[in-house]
Amino acid sequence: MGKLNLVQAIQNALMTEMQLDPSVMVLGEDVGREGGVFRATEGLQEKFGPQRAMDTPLAESGIVGLALGLALNGMRPVAEIQFDGFMPPAWDQIISHISRIRTRSRGRFSAPLVIRIPYGGGIRAPEHHSEATEAVLVHTPGIKVVYPATPYDAKGLLISAIRDPDPVLFLEPKRIYRAIREEVPEDPYTVPIGEARLVREGKDLTMVAWGAMVREAEKAADLAAQEGIRVDLLDLRTLSPMDDQAFISSVRKTGRAVVVHEAPRTCGLGAEIAARIQEEAILQLQAPVVRITGFDTVVPLAKLEHHYIPSPERILRGIRQVLAF
Amino acid sequence: MKGFFDPSILEEVEMLRILGPEGTMEEELRPPELTDEKMQELYREMVFLRLADQRALNLQRQGRMGTYAPFMGQEAAQVGSAAALGEGDWMFPSFREGAAMYMRGVPMEAIFAYWMGNEAGQRFPDEVKVMPISIPVGTHPLHAVGFALAAKIKREPICTIAYFGDGATSKGDFHEAMNMAGVLKAPTIFFCQNNQYAISVPRTLQTASRSIAQKALAYGFGGIQVDGNDLAAVYAATKTARQRALSGQGATLIEAVTYRLGPHTTADDPTRYRTQEEVEAWLPLDPLVRVRKYLEKCCMWDQEMEESVYAFAQEKLNRVVQQAEAFPEPTPEEIFIYTLEKMPQRLELQMKDYLAFLKELEG
């Protein structure tokens with residue numbers, strides 16, 4: 001098959017899985033007739049009808065609660081929340097029920113469902129359309145949290161998520177929905193949940209990123225390469241469960257680490273990653289772990305958001321800082 | 001003003017009552033399958049459940065059970081609704097539905113074990129079509145709607161029933177569940193036990209609606225207010241709601257008007273918010289008393305039978321308590337193993353480290 005961008009790869013994964021398994025369905029606001037505001041569910045209602053590509057009333061908690069009920073009765077729902085900033089009403093259902101039903105029923109029930117959420121800034125959108133809230137999700141036991149950064153991974157990870165026996169939150173970097181095109185096989189394939197990807201190999205420092213920040217980290221690594229700095233760049237791909245051995249073994253080799261995320265810094269995942277590095281690689285560590293992140297503020301609107309979201313230049317500054325220590 | 005409507009147009013919601021407090025039956029409203037024999041059978045269950053509830057309170061006072069949420073006074077609402085369900089229907093209870101859950105096959109010893117703090121009590125037998133207890137108020141009716149929609153997609157002839165109290169109707173998720181069920185025509189029964197209080201807050205402070213039942217109208221489906229202490233009315237309303245669900249007419253909201261004779265939970269002191277006179281005014285409406293009076297009138301019950309059913313129930317409860325207390329002690333591993341199907345490596349490390357710590361303690 002030809003080259004696809006990230007949102008096309010997601011649509012392709014949904015189409016593929018719905019064809020293979022009649023219990024797979026999508027639901028959410030505008031996912032049916034409209035094909036999703038980003039077109040991730042385009043063509044599904046035409047092909048599978050309004051029951052398997054279900055337009056729902058405008059209610060985030062309702063969509064996610066409904067998805068749990070559907071999953072409890074044998075469906076494999078893929079719910080869409082239109083924008084990350086509208087997640088808080090749905091958190092109650094995720095934190096209070098979806099993540100707990102396996103424990104609460106002592107393993108009798110599980111919630112094999114996926115919640116797709118376009119996340120992050122950089123698309124010049126109104127308030128509540130640019131959030132990165134992974135720390136809240138990763139802090140919740142009983143769910144998996146996946147962040148694809150490329151079209152190939154998006155399809156393979158989404159198929160894994162749909163087939164997973166546990167609930168998976170699938171956070172899509174909407175900023176790069178159409179920024180990258182790459183070869184995506186037509187046939188179904190999976191990319192395993194819980195395995196990081198080595199984006200490029202280098203000996204001087206370890207850089208950890210996920211989602212939309214992988215692309216910015218790559219640009220920063222290019223800039224660093226011009227200065228003769230070789231970066232070991234890891235795309236985590238899954239934040240829960242996290243492939244920490246990937247960055248720990250990398251840091252054992254390089255001795256230095258930079259973590260990049262667009263979420264606020266305090267109690268962000270950068271802190272968790274730094275903690276795990278010091279737990280397991282302190283003897284190899286030659287500098288404090290540097291975090292390049294958003295600020296402890298709400299995400300600003302279009303005119304200021306480029307200050308908030310880590311840029312390649314800001315990441316490069318962090319690279320220089322960790323090497324200069 | 002033209003077009004403006006006043007809430008008074010909805011004020012006349014008539015409460016269905018079939019079996020009155022004196023044990024008189026409105027025969028023309030009585031569902032034919034609710035025979036005298038069936039009434040007798042359900043009365044025995046109600047006695048057992050009343051005593052089970054009291055036993056739980058006693059166990060809590062003796063320190064043998066944790067916090068417990070009693071259902072005394074609500075036996076007709078729970079027994080009548082559960083008895084009207086079909087074999088394949090699924091129940092989504094909140095935390096005060098011990099009676100309804102028992103009627104659907106959850107062993108009483110499992111219910112007791114759960115309130116004793118043993119989570120194994122929430123693992124019901126595979127054939128029991130009851131979801132685990134949901135503690136957050138009003139968020140689980142959505143699951144009943146989703147489950148019912150899946151049944152509709154798969155063309156399974158079943159319905160779901162979600163139980164909640166009057167307080168839950170104030171929650172946003174109650175609105176979302178009702179709205180979703182209306183739009184998507186879900187075969188779901190919303191069963192509200194309006195027991196007059198959400199802990200201390202009275203029904204009048206939960207909603208300015210004259211009734212809870214009338215809320216169904218705004219969501220585009222049917223509703224009914226029933227005397228929740230009337231076994232026959234609750235049974236009839238639930239049966240009808242079920243038939244409506246299975247024939248494609250969608251959801252129904254049932255408001256069962258009842259009264260919580262006990263505290264909210266064993267941690268609550270109801271004298272702080274209601275008078276003894278108020279409680280006493282509800283005693284003649286006791287759901288057990290009227291069934292007994294009816295059965296006595298039909299010569300299907302007498303003092304001897306009453307004594308023997310009480311004795312039998314107490315003996316059965318002795319076994320229940322024994323079995324609940326004999327539930328295997330949960331192991332620390334059980335904290336970890338149900339989080340995900342396959343335990344992540346980090347979690348496994350946490351578990352192993354903690355188990356090693358316990359070993360160290362033993363010396």
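Residue numbers begin at 1 in each chain, while the letters A, B, ... track the order of the sequences. Given the structure is predicted, the values throughout are model-derived calculations rather than measurements.
- Within the 4.5 Å cutoff, no side-chain heavy atoms of B:Glu341 are placed close to those of A:Asp164.
- To the nearest 0.5 Å, atoms OG1 (A:Thr103) and CD (B:Glu334) are separated by 11.0 Å.
- Of the listed residues B:Ile153, B:Ile133, B:Val145, the one with more heavy-atom pairs under 4.5 angstrom with chain A than any other is B:Ile153.
- Contact of the A:Pro165 side chain with the B:Leu340 side chain is not registered, since no non-hydrogen atoms from C-beta on lie closer than 4.5 Å.
- Atoms CZ and OH, from A:Arg104 and B:Tyr114 in turn, are 8.0 Å apart once rounded to the nearest 0.5 Å.
- The CD atom of A:Glu279 sits 10.0 Å away from the CG atom of B:Leu349 when rounded to the nearest 0.5 Å.
- A:Leu72 is listed as a side-chain neighbour of B:Met131, based on a closest heavy-atom distance under 4.5 Å.
- The closest side-chain donor-acceptor pair between B:Asp173 and A:Gln93 falls under 3.5 angstrom.
- Without hydrogens or angle criteria, A:Ser105 side chain to B:Arg123 main chain gives no donor-acceptor distance under 3.5 Å.
- In this structure the side chain of A:Glu60 never reaches within 4.5 angstrom of the side chain of B:Glu176, judged on heavy atoms.
- Interface remark: B:Val183 contributes side-chain atoms only to the contact with chain A (heavy atom separation under 4.5 Å).
- The backbone N or O of B:Asp126 sits less than 3.5 Å from a side-chain atom of A:Arg108, completing a donor-acceptor pair.
- Counting heavy atoms from C-beta outward, A:His97 and B:Leu142 have side chains that stay 4.5 Å or more apart.
- Residues A:Glu280 and B:Arg346 are paired through a salt bridge, judged by an N-O separation under 4.0 Å between the basic side chain and the carboxylate.
- Residues A:Ile63 and B:Met180 approach most closely at N-CE, 3.5 Å, considering heavy atoms.
- What you find for B:Tyr338 and A:Gly107 is that their closest heavy atoms are CD2-N, 3.6 Å.
- With rounding to the nearest 0.5 angstrom, the NE2 atom of B:His143 is 9.5 Å from the CG atom of A:Leu66.
- Although no hydrogens or angles enter the test, the distance criterion places a donor-acceptor pair under 3.5 Å between the side chain of B:Lys154 and the main chain of A:Asn73.
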